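No experiment lies behind these values; they were computed from the predicted model shown.
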Amino acid sequence: MGATQAHREEGATHPEKAHDADSRWETFPYWILILAGLVGYLGYLALFNEAYDVAWTRISGGIWLTLRITLWAFAISLSLGILLGLGRIAETDHNSVLPARVAATIGRNLSRTYIEFIRGVPILPLIFFLALVIIPDITDWLGVSRQTIDEFWRGVIALSIIYGAYIAEVIRGGVQSIPRGQMEAGRSVGLSRLQTMRSVILPQAMRAIIPPLGNDFIAILKDSSLLSVLAVADVTRLARQYSSGSFKFRESYVVLVFIYVSLVLVLSFLLTKLEERMTRDRKGER
Amino acid sequence: MIKVRGLHKQFGDVHAVRGVDMDVTAGEVVVIVGPSGCGKSTLLRCLNGLERATYGTVEVDGVDLSNRKTDIDAVRAETGMVFQQFNLVPHLTVEGNITLALRKVLGNDKKEAAAIAQVQLEKVGIPEKVDAYPRQLSGGQQQRVAIARSLAMNPKVMLFDEPTSALDPEMIKEVLDVMLALAEQGMTMVVVTHEMGFARAAADRLVFIDHGQIVEQGDPTEVFENPQEARTREFFDQIL
């Protein structure tokens with residue numbers, strides 16, 4: 001780092017233009033301007049054009065619901081994903097007691113079955129299947145009314161079950177990205193496998209996990225729109241209702257697209273900041 | 001201190017260790033040499049249970065590692081291991097690295113553990129680095145911290161797996177000096193290394209391994225200067 005800095009300063013005193021100087025017009029990020037223009041125009045229509053007033057009022061009422069679905073589904077699928085992801089790679093030593101070996105074997109195989117099954121079906125059919133078949137089956141089996149779990153929670157649970165499988169793979173990848181020597185070093189000073197996992201492996205894996213986890217968070221936000229098929233009154237459902245009643249398709253869907261794109265862009269920005277903070281003290285690390 | 005009998009280790013089709021018998025007495029310094037891929041690291045890793053013997057037994061201080069009932073964590077806590085790649089924990093400071101097992105395994109409180117860390121860091125000559133992170137240290141300093149981390153557990157045996165092989169030449173000496181001092185203090189050590197100078201200076205016994213078997217062993221000077229086996233001669237001709 002220091003050496004590059006020194007060279008740059010030397011170069012600055014050099015009279016002619018450096019041969020490898022970037023042509024600034026080529027590297028300028030025009031896309032940011034174009035995107036800002038596009039989103040700005042959509043936002044102008046949605047918020048300041050009178051023709052869109054009613055659509056905006058009707059549809060934006062669902063934003064909070066969309067966010068609630070996203071937050072709940074993310075929280076639940078993250079917990080599920082951690083369990084499944086760690087279960088998928090559960091290992092024991094040859095000296096472990098039999099119950100631990102049995103538990104690890106069951107954990108590995110159940111997790112794998114779950115993950116492969118869920119990832120083998122597209123999300124929309126799975127939402128139907130879980131929310132309209134499996135969850136009613138469970139409430140029937142428990143002998144309680146099907147409305148004990150309302151549409152909102154059926155949708156959230158379905159989305160959580162689905163993303164639990166995707167997040168499990170993220171967790172597994174993060175843990176497996178840590179060099180084997182870290183586990184061996186922990187074990188060699190006498191820490192148990194679980195102790196090493198908690199104090200040595202997981203804190204390091206966190207850094208590898210944050211970026212793909214952020215992607216899944218945004219994916220959940222976007223896929224929460226699929227719950228509109230379950231009569232969950234999120235922004236997508238409200239847009240469909242309003243447009244089919246009023247035939248104002250343009251107004252409805254301009255507003256809808258604007259709501260999603262601005263939510264996702266704000267989230268992406270926050271996630272980039274978070275990633276920068278997480279990786280800042282990592283430079284120069286082996 | 002260490003008793004190895006009929007040790008075999010297979011990884012699938014690869015037969016890394018093929019019938020090794022070896023004893024290490026308390027206070028002895030044994031240096032293991034041999035061509036790469038000869039099974040010397042695997043043998044060392046069997047001595048603290050990082051690898052499990054396919055056949056045969058390994059006993060450390062009277063405890064049989066191949067027995068399922070053995071508390072392997074307890075054995076490892078008494079057996080220091082130093083790796084080629086240091087394997088320090090990057091998100092912990094030097095002190096954090098050294099005190100982790102002291103607190104989690106031996107149950108020392110923060111203050112006691114920190115005091116032990118300070119003593120060990122002085123032993124390896126870098127007490128001022130207590131608050132540094134591994135990435136801020138040179139390779140030689142990192143390896144010395146790794147040694148301090150193992151010593152802090154007050155081990156009965158120290159195992160070294162090519163401790164200087166990942167180091168730049170100018171840093172090898174600082175690590176070897178620490179190991180020499182340790183040998184002089186009477187620590188029981190098993191060292192896999194290519195540093196023949198260290199073997200000459202510190203080893204009570206030199207063990208030459210090829211194809212997973214002990215080919216020859218004895219007093220280092222004897223083995224260097226007057227190897228009995230053709231394979232040993234060939235090996236030393238290549239590296240000396």
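When the heavy atoms of residues 108-133 of chain B are compared with those of chain A, none of the residues falls under 4.5 Å. For residues 20-41 of chain B, heavy-atom neighbours of chain A at less than 4.5 Å comprise no residues at all. Of all residues spanning residues 159-173 of chain A, none has a heavy atom less than 4.5 Å away from chain B's heavy atoms. Close approach to chain B, defined as a heavy atom under 4.5 Å from one of its heavy atoms, is seen in A:G181, A:Q182, A:E184, A:A185, A:R187, A:S188, A:V189, A:G190, A:L191, A:S192, A:Q195, A:R198, A:S199, A:V200 of residues 178-200 of chain A, taken by number.
Most heavy-atom pairs under 4.5 Å with chain A, from the set B:L159, B:V82, B:V105: that is B:V105. In terms of non-hydrogen atom pairs under 4.5 Å with chain A, the most contact-rich of B:M81, B:Q136, B:R52, B:R149 is B:R52.
Contact of B:L88 with chain A is made through the backbone alone, with heavy-atom distances under 4.5 Å. Both the backbone and the side chain of B:T70 come within less than 4.5 Å of a heavy atom of chain A. Looking at B:D71, there are no atoms closer than 4.5 Å to chain A (heavy atoms on both sides), in backbone or side chain. Looking at B:L65, the atoms closer than 4.5 Å to chain A (heavy atoms on both sides) all sit in the backbone: N, CA, C or O.
More than 12 heavy-atom neighbours from other residues, nucleotides or ligands sit within 6.0 angstrom of CZ on B:F11.
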